[in-house]
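Let me begin by presenting the structure, written as structure tokens, before commenting on it.
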Amino acid sequence: MGGAAALLDGLVGAVVGPFLADVVQPALTTRRGAERLRALTEHWIAYASAPLFPGGCFWAACLTDFDSRPGAVRDALARQRRTWLSLLVGEFRHAVEDGEVADVDPELAAFQVDAVLLATNTALRLGDDGAADLARRVLDGLLAGA
């Protein structure tokens, strides 16, 4: 791995901690299912709204740059995305099992939330102050009661 790629790979590893600390760990204190999905989304929006990095959410900003470039950075980004989606899928499953939401497809719902959050990051970078509220409305629709 060349110098720039090694540096980026190291950066990818370094940003996992802040993401977990700012987004995932606070949400883990909430009840599984719909409550945790709302907490994950709110913490993600806060993370992207007051970013540590110029592109907002590091993951969202880097995915578009590296999704077609094979290598360690792309692999690390793909692993992180799979982990994030798995977390969302698990929480949607709990919400369905506990009767908190209509019978949604957890994989599809997680994909939709991820897509909306990625779009939210872009919109926030472009100065769209209403993007966070739109993301919340999408999640509200997915979490509509059973």
Side-chain angles (χ1 to χ4, degrees), residues 1-98 100-101 104-143:
M1 183 180 321
L7 180 63
L8 280 170
D9 190 46
L11 181 59
V12 167
V15 298
V16 169
F19 181 80
L20 291 174
D22 292 349
V23 177
V24 177
Q25 290 170 349
L28 295 180
T29 64
T30 62
R31 192 169 47 87
R32 295 209 70 172
E35 184 178 339
R36 189 169 294 169
L37 283 162
R38 288 187 192 285
L40 285 165
T41 303
E42 283 303 317
H43 290 296
W44 191 99
I45 290 170
Y47 173 81
S49 296
L52 297 172
F53 305 98
C57 173
F58 176 83
W59 309 108
C62 286
L63 279 171
T64 57
D65 287 338
F66 289 92
D67 62 356
S68 298
R69 295 158 84 183
V73 174
R74 179 184 180 274
D75 294 346
L77 291 167
R79 273 192 309 276
Q80 190 283 334
R81 183 170 181 274
R82 283 191 303 271
T83 300
W84 172 247
L85 285 172
S86 177
L87 176 62
L88 295 175
V89 167
E91 296 308 327
F92 271 108
R93 281 194 180 119
H94 280 283
V96 170
E97 289 167 3
D98 293 345
E100 298 176 311
V101 299
V104 300
D105 176 338
E107 286 83 12
L108 177 59
F111 183 87
Q112 290 171 319
V113 167
D114 182 57
V116 166
L117 292 176
L118 292 175
T120 301
N121 186 72
T122 300
L124 289 170
R125 302 289 62 80
L126 294 173
D128 182 352
D129 295 332
D133 287 335
L134 291 174
R136 289 180 186 103
R137 287 173 51 197
V138 170
L139 184 65
D140 287 345
L142 290 169
L143 294 179

Shortest non-hydrogen contact between [X] and [Y], atoms and distance:
{"X": "Ile45", "Y": "Ala135", "answer": "CD1-CB, 4.2 Å"}
{"X": "Asn121", "Y": "Ala48", "answer": "OD1-CB, 3.7 Å"}
{"X": "Leu117", "Y": "Trp44", "answer": "O-CH2, 2.8 Å"}
{"X": "Ser49", "Y": "Leu124", "answer": "OG-CD1, 3.7 Å"}
{"X": "Pro26", "Y": "Leu20", "answer": "CD-O, 4.0 Å"}
{"X": "His43", "Y": "Asp22", "answer": "CB-O, 3.5 Å"}

Can you list the residues that meet the side chain to side chain donor-acceptor pair (under 3.5 Å) rule with [X], with sequence neighbours excluded?
{"X": "Gln112", "value": "none"}
{"X": "Glu107", "value": "Arg93"}
{"X": "His94", "value": "Arg32"}

Determine whether [X] and [Y] make a side-chain contact, defined as any pair of heavy atoms from C-beta on separated by less than 4.5 Å.
{"X": "Val23", "Y": "Trp84", "result": "yes"}
{"X": "Val113", "Y": "Phe92", "result": "yes"}
{"X": "Arg137", "Y": "Leu134", "result": "yes"}

Practice task
Run the numbers on Leu143 and Glu100 for side chain to side chain contact (heavy atoms under 4.5 Å, CB included), then give the verdict.
Solution key: CA-CA 7 Å; Leu143 294 179; Glu100 298 176 311; over 6 Å; no

Check side-chain contact (heavy atoms from CB on, under 4.5 Å) between [X] and all other residues, then give those that pass, not counting sequence neighbours.
{"X": "Thr30", "answer": "Glu35, Arg36, Ala39"}
{"X": "Ala123", "answer": "Asp128, Ala131"}
{"X": "Val96", "answer": "Val101, Asp103, Val104"}

Exercise for the section: Find the distance between CG (Leu28) and CG (Leu87) and round it off to the nearest 0.5 Å. Expected result: 7.0 Å

Practice task
Any chance you could measure Arg38, atom CZ, to Arg31, atom CZ, to the nearest 0.5 Å?
Solution key: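 Rounded to the nearest 0.5 Å, the CZ-CZ separation comes to 11.0 Å.
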
Exercise for the section: Only counting residues at least two apart or in another chain, list the ones meeting salt bridge (charged side-chain N to carboxylate O under 4.0 Å, His left out) with Arg136. Expected result: Glu42, Asp133

